[in-house]
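Just so you know, residue 1 is the first one in the sequence shown, and it goes up from there.
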Amino acid sequence: QESPPLYTKEEVYSHRSPETGIWVTLGSEVFDVTEFVELHPGGPSKLMLAAGGPLEPFWALYAIHNQPHVYELLAQYKIGELKPEDSAPPTLETSDPYAHDPMRHPALKVNSQRPFNAEPPPELLTENYITPNPIFFTRNHLPVPNLDPDTYRLHIVGPPGGQSLSLSLCDLYMFPKHEVTVTLQCAGNRRSEMTQVKEVRGLEWRTGAISTARWAGARLCDVLAQAGHQLSEKEAHVCFEGLDSDPTGTAYGASIPLARAMDPEAEVLLAYEMNGQPLPRDHGFPVRVVVPGVVGARHVKWLGRVSVEPEESYSHWQRRDYKGFSPSVDWDTVDFDSAPSIQELPIQSAITEPRDGETIESGEVIVKGYAWSGGGRAVIRVDVSLDGGLTWHAADLDAEKQPPRKAWAWRLWQLQASVPAGQKELNIVCKAVDDSYNVQPDTVAPIWNLRGVLSNAWHRVHVHVTS
Ligand code: HEM
Ligand code: MTE
Ligand code: MO
């Protein structure tokens with residue numbers, strides 16, 4: 001019997017476009033699926049996410065592939081095997097502070113490798129109401145700390161005359177377990193659209209710096225009460241410190257007003273579970289803060305210390321970042337103390353399918369996306385236009401049931417519309433409305449700001465139509 005041709009991972013990786021052919025691997029086997037891409041029942045764009053690499057991380061998310069008929073179908077496309085040395089797991093350089101960062105899912109679109117910042121591709125983002133943990137967007141400012149759950153302690157500073165707590169994970173499990181579905185969005189989501197107006201400082205997030213999970217943990221109000229904290233008449237803030245730090249020892253930090261922290265209805269959590277699993281390392285293992293309805297930056301990961309202070313956190317990320325300014329303010333004139341820190345976020349929506357620049361066939365188009373508003377405000381409507389905003393259709397909204405004023409999670413939406421033959425292009429636009437009747441601004445320029453935050457203009461996608 002002849003031995004099959006052997007390929008390196010690099011050779012497989014060089015086959016990820018129609019011109020070169022499209023190869024994938026499963027275990028040590030190599031497949032040329034160029035002919036199959038257009039036939040894929042899940043659509044070509046999803047299959048293409050795995051082009052040039054292993055199928056396992058994708059099939060782990062879509063268990064529908066774990067069936068004999070799928071394996072038989074794939075077997076027809078086998079062209080060889082990986083060289084044995086290429087089946088070994090990759091090794092990392094050890095002098096690098098990021099050497100102990102966790103492995104990441106290959107579907108993530110990486111905006112920066114060190115620190116790791118990445119977003120799920122749009123066609124996966126709205127595939128599930130609850131974002132699977134491996135493709136939840138990741139926003140790290142520093143290396144991921146490697147924390148031992150057995151020796152981990154969370155320090156809660158007590159009030160004068162109260163009691164400071166040093167809580168192990170087991171201590172935290174003793175508080176009533178509270179579960180809530182919360183959408184987390186980075187203030188920089190959709191920054192890339194602001195960059196198109198004028199340069200901004202920050203990572204080039206597209207529409208994916210947003211994800212939804214079911215979080216579980218102790219309520220912050222229960223833990224603060226145990227330490228003897230009470231709601232106070234005076235202005236006060238709950239300051240959080242992460243266990244991730246830079247070479248000078250500066251840790252990530254942020255704060256929220258005490259009133260929100262002490263309000264049981266605000267459901268602020270010290271979360272230890274994400275979608276029924278212990279928190280993944282990238283998302284704050286073993287404990288992070290979850291502040292429903294509030295900007296991602298306050299959801300401090302790898303939580304080490306909680307204290308109640310008369311002023312907001314002195315952290316760079318509370319005072320010198322994550323604030324909004326007028327379009328005319330530049331880096332020479334900006335006065336960070338003049339603007340409040342971002343807490344609740346404004347109404348937001350975006351189109352995830354079809355993609356900008358895509359070519360579709362006339363007949364019918366399905367437009368998909370997400371919509372969400374901060375502060376627990378519910379999305380009540382998403383308007384979609386196919387002609388750049390001249391005429392509008394109301395999209396179908398899908399969501400878990402959420403109590404009034406506690407709509408912490410997004411709504412996914414969809415619109416099915418007919419595209420007449422002869423039509424050459426579509427200018428698809430979406431805009432959402434929340435239950436305070438807040439709406440999104442129609443263009444980016446009037447909300448442009450030097451840091452590129454709060455980018456929530458109507459989302460626009462241009463597609464070509466063939467008949
Ligand atoms: C469905 C094959 C790659 C996402 C399917 C089905 C087959 C298939 C046969 C239909 C299963 C059934 O209904 O019984 C393959 C093959 C692949 C591949 C041979 C690689 C060569 C991928 C990748 C993704 C993906 C990389 C995601 C990133 C999906 C989804 C469906 C699906 C979401 C369900 C579509 C629906 O809702 O009906 N695939 N697949 N597939 N596939 Fe794949
Ligand atoms: N917490 C720590 N300790 N360090 C960080 O870098 N990033 C913040 C927040 N919490 C950060 C952090 C920012 S800006 C965002 S948007 C969210 O975490 C992202 O959470 P995720 O990575 O789980 O999506
Ligand atoms: Mo963020």
Side-chain angles (χ1 to χ4, degrees), residues 92 94 96-104 115-116 133-134 136 138-159 162-180 182 184 213-229 238-256 261 267-292 296-309 313 315 317-318:
L92 291 159
T94 48
D96 167 2
Y98 292 93
H100 301 290
D101 267 24
M103 296 286 278
R104 274 87 184 213
F116 189 73
N133 289 352
F136 198 99
T138 300
R139 179 30 173 150
N140 295 341
H141 292 81
L142 298 160
V144 176
N146 207 349
L147 303 173
D148 176 355
D150 296 327
T151 56
Y152 170 80
R153 291 291 180 278
L154 172 58
H155 299 283
I156 314 286
V157 180
Q163 187 197 1
S164 288
L165 308 174
S166 173
L167 303 174
S168 68
L169 268 181
C170 287
D171 296 334
L172 209 55
Y173 298 153
M174 300 305 284
F175 288 89
K177 183 173 176 180
H178 194 78
E179 262 189 82
V180 57
V182 174
L184 218 128
R214 185 124 184 103
W215 307 93
R219 279 196 307 202
L220 177 60
C221 59
D222 294 340
V223 175
L224 287 177
Q226 170 120 16
H229 287 289
V238 180
C239 298
F240 306 115
E241 250 180 57
L243 293 165
D244 48 338
S245 57
D246 69 12
T248 71
T250 308
Y252 185 85
S255 63
I256 61 170
E267 303 185 89
V268 182
L269 296 187
L270 302 180
Y272 45 74
E273 268 179 32
M274 180 177 181
N275 297 330
Q277 304 287 318
L279 295 183
R281 284 188 58 212
D282 263 330
H283 302 291
F285 180 82
V287 178
R288 81 173 304 166
V289 186
V290 171
V291 196
R298 315 298 165 218
H299 300 228
V300 176
K301 305 192 272 190
W302 314 290
L303 187 64
R305 187 172 188 273
V306 178
S307 62
V308 178
E309 312 283 352
S313 165
S315 148
W317 295 280
Q318 187 77 18

Please name the pair of heavy atoms, one in Ala261 and one in Cys221, separated by the smallest distance, quoted to 0.1 Å.
-> O-CB, 3.4 Å
For a quick test of your reading: what N or O donor-acceptor pairs under 3.5 Å do the side chains of residues 272-289 make, sequence neighbours left out?
{"from": "Glu273", "atom 1": "OE1", "to": "Lys177", "atom 2": "NZ", "distance (Å)": "3.2"}
{"from": "Glu273", "atom 1": "OE2", "to": "Lys177", "atom 2": "NZ", "distance (Å)": "3.0"}
{"from": "Asn275", "atom 1": "OD1", "to": "Arg214", "atom 2": "N", "distance (Å)": "2.7"}
{"from": "Asn275", "atom 1": "ND2", "to": "Thr131", "atom 2": "O", "distance (Å)": "3.1"}
{"from": "Asn275", "atom 1": "ND2", "to": "Asn133", "atom 2": "OD1", "distance (Å)": "2.8"}
{"from": "Arg281", "atom 1": "NH1", "to": "His100", "atom 2": "O", "distance (Å)": "2.9"}
{"from": "Arg281", "atom 1": "NH2", "to": "His100", "atom 2": "O", "distance (Å)": "2.8"}
{"from": "Arg281", "atom 1": "NH2", "to": "Val144", "atom 2": "O", "distance (Å)": "3.4"}
{"from": "Asp282", "atom 1": "OD1", "to": "Arg104", "atom 2": "NH2", "distance (Å)": "2.7"}
{"from": "Asp282", "atom 1": "OD1", "to": "Asn140", "atom 2": "ND2", "distance (Å)": "3.1"}
{"from": "Asp282", "atom 1": "OD2", "to": "Arg104", "atom 2": "NE", "distance (Å)": "2.7"}
{"from": "Asp282", "atom 1": "OD2", "to": "Arg104", "atom 2": "NH2", "distance (Å)": "3.4"}
{"from": "Arg288", "atom 1": "NH1", "to": "His283", "atom 2": "O", "distance (Å)": "3.4"}
{"from": "Arg288", "atom 1": "NH2", "to": "His299", "atom 2": "O", "distance (Å)": "3.0"}

State which residues pass side-chain hydrogen bond (donor to acceptor under 3.5 Å, both in side chains) with Ser255; sequence neighbours excluded, sorted by chain then number.
-> Gln318
So which heavy atom on Gly228 is nearest to which on Pro159, and how close?
-> O-CG, 3.4 Å
For Asp246, side-chain hydrogen bond (donor to acceptor under 3.5 Å, both in side chains) partners two or more places apart | Thr248
Rounding to 0.5 Å, atoms CZ (Arg153) and CG (Leu165) come to a distance of 12.5 Å
Under the side-chain hydrogen bond (donor to acceptor under 3.5 Å, both in side chains) test, which residues partner Gln163, sequence neighbours left out?
-> none
Indicate the atoms forming the closest heavy-atom contact of Leu184 with Gly296, along with that distance.
-> CD2-CA, 4.0 Å
Contacts of Trp302 meeting ring-ring contact (aromatic ring centres under 6.0 Å, His included) (sequence neighbours excluded), chain-then-number -> none
Compare every heavy atom of Leu167 with every heavy atom of Val223, then report the nearest pair and how far apart it is.
-> CG1-CD1, 3.8 Å
Any idea which heavy atoms bring Val290 and Ala271 closest together, and the distance?
-> CG2-CB, 3.8 Å
What is the minimum heavy-atom distance between Ile156 and Ala227, and which atoms define it?
-> CG2-CB, 4.0 Å
Any residue meeting ring-ring contact (aromatic ring centres under 6.0 Å, His included) with His155, in chain and number order, not counting sequence neighbours | none
